Engineer: 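First the structure, which I've put down as structure tokens, then a few questions once you've had a look.
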Amino acid sequence: MPGICSVFLLLVLFAHSCHGFYLPGSYMHTYSTSDTIVAKVNSLTSIETELPFSYYSLPYCKPLGGIKKSAENLGELLMGDQIDNSPYRFKMNVNESLYVCTTSPLNEHEVKLLKQRTRDLYQVNMILDNLPVMRIAKQNGVSIQWTGFPVGFTPPNSNDDYIINHLKFKVLVHEYEGSGVQIIGTGEEGMGVISEADKKKASGYEIVGFEVTPCSVKYDPEVMTKLHMYDSISPVNCPLELDKSQIIRERERISFTYEVEFVKSDIRWPSRWDAYLKMEGARVHWFSILNSLMVITFLAGIVFVIFLRTVRRDLTRYEELDKEAQAQMNEELSGWKLVVGDVFREPDCAKLLCVMIGDGVQITGMAAVTIVFAAFGFMSPASRGMLLTGMIILYLFLGIAAGYAAVRLWRTLKGTSEGWRSISWSVACFFPGIVFVILTVLNFILWGSKSTGAIPISLYFVLLSLWFCISVPLTLVGGFLGTRAEAIQYPVRTNQIPREIPARKYPSWLLVLGAGTLPFGTLFIELFFILSSIWLGRFYYVFGFLLIVLLLLIIVCAEVSVVLTYMHLCVEDWRWWWKAFFASGSVALYVFLYSINYLVFDLQSLSGPVSAILYLGYSMIMAIAIMLSTGTIGFITSFYFVHYLFSSVKID
């Protein structure tokens, strides 16, 4: 146990160091005074509906040169990001107040849309030099940071809505003098290093912060329409009176303006994301995970020690007897020794078991590699969509491991490689097929809502191409390698006639379902933070903690499954295959139930059946993936445990 404690202590220290470390997500830009910087706009988002919409779906001002979409990676497209240029442009270190445009008189449709987006709490998401805009609001004397700013606001006890049409930007800049610092970028603009030769050229100012104070200001449209885009105006104080704010109603003409202030900051460029990555309640998060780690490690250690002593005592007693005494013992005693002729009998639905194990290996490998890379900072939130893109790529290429595992298990069960192509194809299509069906149903709902979260038809073809041109061939290659690998030989022979299983007072599946509570205990705290980051728009970046939780989950799943398998063998139940899988895989049931609990009690603001269906659809995909992954961990551990247990018994 001291060795295990030392390992976990090192992992805890590693988690703490991973909390704030990351490689910057893009090559550092330096700007000279008066250099033009253009802000970009992302999709409008809301924690009330979870349906993203294009920024220009509302009657906002458009850029002079027209709307130009930014190049997006696979992850950004799947997450519903739609990044466009905007009319908001700044000049480095030049403080100014500028006019943008005045809209045409609002028609009924535009008014209805603006009111709906305002009441659904939609946020405008702007980006400057790859930094999301941040709004700092004070509630009860406490500063709260939010990314984005609202489309508008509705005063209490009022049916009127007001639009945000004046933005006070504050850009934090750090003066960079080309000192001997090297910055490595791994994001959307590739990898680069500032070399000695580039020091002079790199001198200038770097953007390290982007903040906004949104206001609603009522302008005289007759005066404002005489101005041209980017004409200077007088600085504006945000009005507190509603009669001086811009109301949303028909025939109103809305004028948009902004002002920008550049403020020098001591924040250095590699640390500029720290303000976004600070999680609320970090201390509670830390102590909750540490407490869970200690409790589960303690329980797992006790179970493991008791289990080892029990099995070793049984084996020692059995091996000390001579052959006649062993025969007499087999007749007199009950327990796992009596199922020696049935323990490796082929399970029901053997093909489905092989397919699920193959997909579980693929998902577990993808999750483990992704979390390790993220913990070391290679998947920074500065590189939008990089995490999801990386997961998809890893999943595609791990098809070779899935095919190998499934076909090798098939050979072990059947004793022949016949049918390995069917197994490989099933592995390649089982989990992706489930995800594809669920996403297609959800996509029709998103299309009906005209949301940018809907997957375009072109992206469907890209995903299908990746599936059938990379994942399927690699899975077939893995299956072929599985036919060439040596089959696992059973240590005992299987009888022709199955042994009758004694009747039990209660169904064994109740015990299997109950076993999932222990792995869920290691997972649910982290699950809360992950769900909050997905559905409440928060950044999740404590992957060091997540790596510990993953390792702990693997250990607990393995031990729970082994203990349940041993308990079933002790009552002469030799049908352990599926029970071993679901003993640890049943944690997915509790994950899905917890997701429903989170929807009811923590996402009370979520409005409408469409949002609830989307949430439950994505939660179902997550639960199925967790079931396949944890079930595979438990099954493989139990298989090798049973193999070891019966290879230690002397059989004629």
Side-chain angles (χ1 to χ4, degrees), residues 1 4-5 7-8 11-12 15 287-311 356-357 360 363-364 367-368 371 506-531 545-571 573 576-598 619 622-642:
M1 290 301 292
I4 295 175
C5 292
V7 170
F8 276 116
L11 287 170
V12 167
F287 282 113
S288 297
I289 294 296
L290 192 59
N291 178 65
S292 176
L293 178 70
M294 293 173 65
V295 170
I296 298 300
T297 305
F298 178 70
L299 291 175
I302 291 176
V303 171
F304 196 59
V305 170
I306 292 174
F307 166 73
L308 274 182
R309 287 181 177 176
T310 303
V311 174
M356 293 175 76
I357 295 300
I363 294 168
T364 305
I371 292 171
Y506 54 88
S508 59
W509 285 101
L510 287 178
L511 191 61
V512 170
L513 290 175
T517 55
L518 192 57
F520 180 71
T522 70
L523 187 64
F524 82 97
I525 295 175
E526 207 65 26
L527 190 62
F528 171 80
F529 289 99
I530 292 172
L531 290 175
F545 284 126
L546 190 58
L547 181 60
I548 287 182
V549 171
L550 176 66
L551 294 173
L552 196 61
L553 183 66
I554 290 172
I555 294 170
V556 174
C557 284
E559 291 180 343
V560 164
S561 185
V562 165
V563 170
L564 262 291
T565 300
Y566 180 70
M567 290 174 64
H568 282 102
L569 293 178
C570 283
V571 294
D573 187 351
W576 60 272
W577 304 83
W578 282 105
K579 293 183 178 72
F581 182 90
F582 285 111
S584 52
S586 60
V587 67
L589 173 64
Y590 299 99
V591 168
F592 188 70
L593 292 176
Y594 181 81
S595 299
I596 296 174
N597 173 80
Y598 187 84
S619 297
M622 178 179 68
I624 293 171
I626 290 174
M627 179 195 70
L628 292 172
S629 176
T630 54
T632 297
I633 293 166
F635 174 83
I636 292 175
T637 311
S638 293
F639 179 84
Y640 282 103
F641 159 71
V642 173

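Note: hydrogens, waters and symmetry copies are ignored here, and every other heavy atom, side chains too, is used. Bear in mind that the values here come from a model prediction, so they are computed numbers and not experimental data.
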Engineer: In Å, rounded to the nearest 0.5 Å, how long is the span from CD1 of Ile633 to CD1 of Ile555?
Structural biologist: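 Those atoms lie 10.5 Å apart.
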Engineer: Would you say the side chain of Tyr590 lies within less than 4.5 Å of the side chain of Phe524, judging by non-hydrogen atoms?
Structural biologist: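 Answer no - side chains too far apart.
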Engineer: Which residues pass the side chain to side chain donor-acceptor pair (under 3.5 Å) test with Ser638, sequence neighbours left out?
Structural biologist: Ser561, Thr565
Engineer: For Thr630, give me all partners under side-chain contact (heavy atoms from CB on, under 4.5 Å), at least two apart in sequence or on another chain.
Structural biologist: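 Counting only residues at least two positions away or on another chain, Thr630 forms a side-chain contact (heavy atoms from CB on, under 4.5 Å) with Leu553, Cys557, Val587, Ile626.
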Engineer: My understanding is that only residues two or more places apart in sequence, or in another chain, count here; which of them pass side-chain contact (heavy atoms from CB on, under 4.5 Å) with Leu527?
Structural biologist: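 For Leu527, the residues satisfying side-chain contact (heavy atoms from CB on, under 4.5 Å) (neighbours in sequence not counted) are Phe520, Leu531, Val591, Tyr594, Met622.
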Engineer: State which residues pass side chain to side chain donor-acceptor pair (under 3.5 Å) with Thr364; sequence neighbours excluded, sorted by chain then number.
Structural biologist: Ser629
Engineer: What residues form a side-chain contact (heavy atoms from CB on, under 4.5 Å) with Ser586, not counting sequence neighbours?
Structural biologist: Leu513
Engineer: Which atoms form the tightest heavy-atom contact between Met627 and Ala588, and what is the distance?
Structural biologist: CB-CB, 3.4 Å
Engineer: Taking all non-hydrogen atoms of both residues into account, name the closest pair between Val512 and Ala583 and its distance.
Structural biologist: CG1-N, 3.5 Å
Engineer: Could you tell me how the ring of Trp576 sits relative to the ring of Phe635: parallel (under 30°), tilted (30 to 60°) or perpendicular (over 60°)?
Structural biologist: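 Answer is parallel, since the angle falls under 30°.
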Engineer: Drop me the distance from Ile554's CD1 to Thr637's OG1, to the nearest 0.5 angstrom.
Structural biologist: 9.5 Å
Engineer: When rounded to the nearest 0.5 angstrom, what is the spacing between CZ in Phe582 and CE in Met356?
Structural biologist: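 The CZ atom of Phe582 sits 4.5 Å away from the CE atom of Met356.
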Engineer: To the closest 0.5 Å, what do you measure between CD1 (Ile357) and CH2 (Trp577)?
Structural biologist: 10.5 Å
Engineer: Any salt bridge (Lys or Arg N to Asp or Glu O under 4.0 Å) involving residues 579-598? Give me the pairs, sequence neighbours left out, ordered by first then second residue.
Structural biologist: Asp573-Lys579
Engineer: Taking only residues two or more places apart in sequence, or in another chain, which ones meet Ser584 in a side chain to side chain donor-acceptor pair (under 3.5 Å)?
Structural biologist: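 Here no residue qualifies.
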Engineer: For Leu511, which residues count as a side-chain contact (heavy atoms from CB on, under 4.5 Å) partner, sequence neighbours excluded?
Structural biologist: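 Counting only residues at least two positions away or on another chain, Leu511 forms a side-chain contact (heavy atoms from CB on, under 4.5 Å) with Leu564, Met567.
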Engineer: Using side-chain heavy atoms (C-beta onward) and a distance below 4.5 Å, is Leu550 in contact with Leu546?
Structural biologist: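 Answer no - side chains too far apart.
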Engineer: Considering non-hydrogen atoms only, spot the tightest contact between Phe581 and Thr632 and give its length.
Structural biologist: CE1-N, 3.7 Å
